[in-house]
Every structure is written in structure tokens, then in C-alpha cells.
Amino acid sequence: MQAWRAKKKAMQFLRGHHAESYSPLPSYLYILEKTYPGSVVKLQKTVDECFLYALVALNISIRGWEYCRPIVIVDGTFLKSAYRGTMLTASTRDATCSILPLAYAIVDSENDAYWR
């Protein structure tokens, strides 16, 4: 048990606390929006200032869609941490068969409203 607690403390020291990982998110999204004008960047919080979802679709990917195959691949994966959540991604393939990420979102749960 002592070794487990020591490992947990060391991992927290290296990676930081889970609650602190969401604090730089608003500034990161702000920088993305200013660096890539025309991008769709959304951050939604509850009235208690708790994280609800974040969505990012960069302008370069939006403009690149015009030159891609009309196929969209969507996927979701569960985030494993104290706060859980789901990461949703949408991507496509361009003319050279390279993957072009269209958008990604981090949501509290996977449902139809978030996919839209």
C-alpha cells in the first residue's frame, strides 16, 4: 500500500492534478482562435464554471475539406481520468490518402446533441 501511494504521489508530481489540467484550456483555445482566424473554437461551461465541452475545427481543415474525398470518418474514445469524458473526432482523407482532421471535441458524455 505504501508503494502504491508513493507511485500515485510521484505520478501526480509529474503529470499534475487532474483538476489543474483543465485550467489552461480557455487560454489555449483563445490562442488557437487568434492564431487561426476563421476557425470554430467553442468552450462551454455550466453556470458553476464546470467544464461541459470544447470544440475545435481549424480554418485550414475547413478550407481543406473542399479538396478531399466526400467521406467523413467519425470516432469517439473514452478519456480515463478522475473526470471521465469522451473525445470525439471527425476526419477525412485527401487526394494523396493522407488523413485530414476536420474537428475534435471533448465532451462530458457521448450523445446525439454533441455529435451535431
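Quick note: numbers below take in every heavy atom, side chains included, and nothing from hydrogens, waters or symmetry partners.
- Residue Lys9 holds its NZ atom at 8.5 Å from CD of Gln12, rounded to the nearest 0.5 Å.
- Transitive grouping of hydrophobic side chains (ILVMFWY, heavy atoms separated by less than 4.5 Å) keeps Ile31 and Leu29 in distinct clusters.
- No side-chain donor-acceptor contact under 3.5 Å links Thr89 to the backbone of Tyr104.
- Grouped with Met1 in one hydrophobic cluster are Trp4, the linkage being side-chain heavy-atom contacts under 4.5 Å among Ile, Leu, Val, Met, Phe, Trp and Tyr residues.
- Each salt bridge (Lys or Arg N to Asp or Glu O under 4.0 Å) pair with one or both residues in residues 27-48, not counting sequence neighbours, appears once here: Lys45-Glu49.
- Scanning all heavy atoms of the two residues, the minimum distance from Pro101 to Ser91 falls at CA-CB, 3.9 Å.
- Ile73 approaches Thr92 most closely through the heavy-atom pair CD1-CA, 4.1 Å.
- Here CG of Asp75 is found 11.0 Å from OG1 of Thr86. Values are rounded to the nearest 0.5 Å.
- The environment of CD1 in Ile60 is sparse: at most 12 heavy-atom neighbours from other residues, nucleotides or ligands sit within 6.0 Å.
- With sequence neighbours excluded, no residue forms a side-chain hydrogen bond (donor to acceptor under 3.5 Å, both in side chains) with Thr35.
- In this structure, Ala103 and Ala57 approach most closely via the heavy-atom pair CB-CB, 3.8 Å.
- Taking the side chain to side chain contact (heavy atoms under 4.5 Å, CB included) definition, one finds that Ser39 meets it with Tyr36, Val41, Leu58, Asn59, sequence neighbours left out.
- Through chains of ILVMFWY side-chain contacts below 4.5 Å, Val40 is grouped with Leu55, Ile62.
- In terms of the side chain to side chain contact (heavy atoms under 4.5 Å, CB included) criterion, residue partners of Ser98 (sequence neighbours excluded) are, by chain and number, Asp94, Thr96.
- Other residues, nucleotides and ligands contribute only 12 or fewer heavy atoms inside 6.0 Å of the CD1 atom of Ile99.
- When all heavy atoms are compared, the tightest approach of Val72 to Ala90 is CG1-CB, 4.2 Å.
- Shortest non-hydrogen contact noted between Leu25 and Ala54 is CD2-CB, 4.3 Å.
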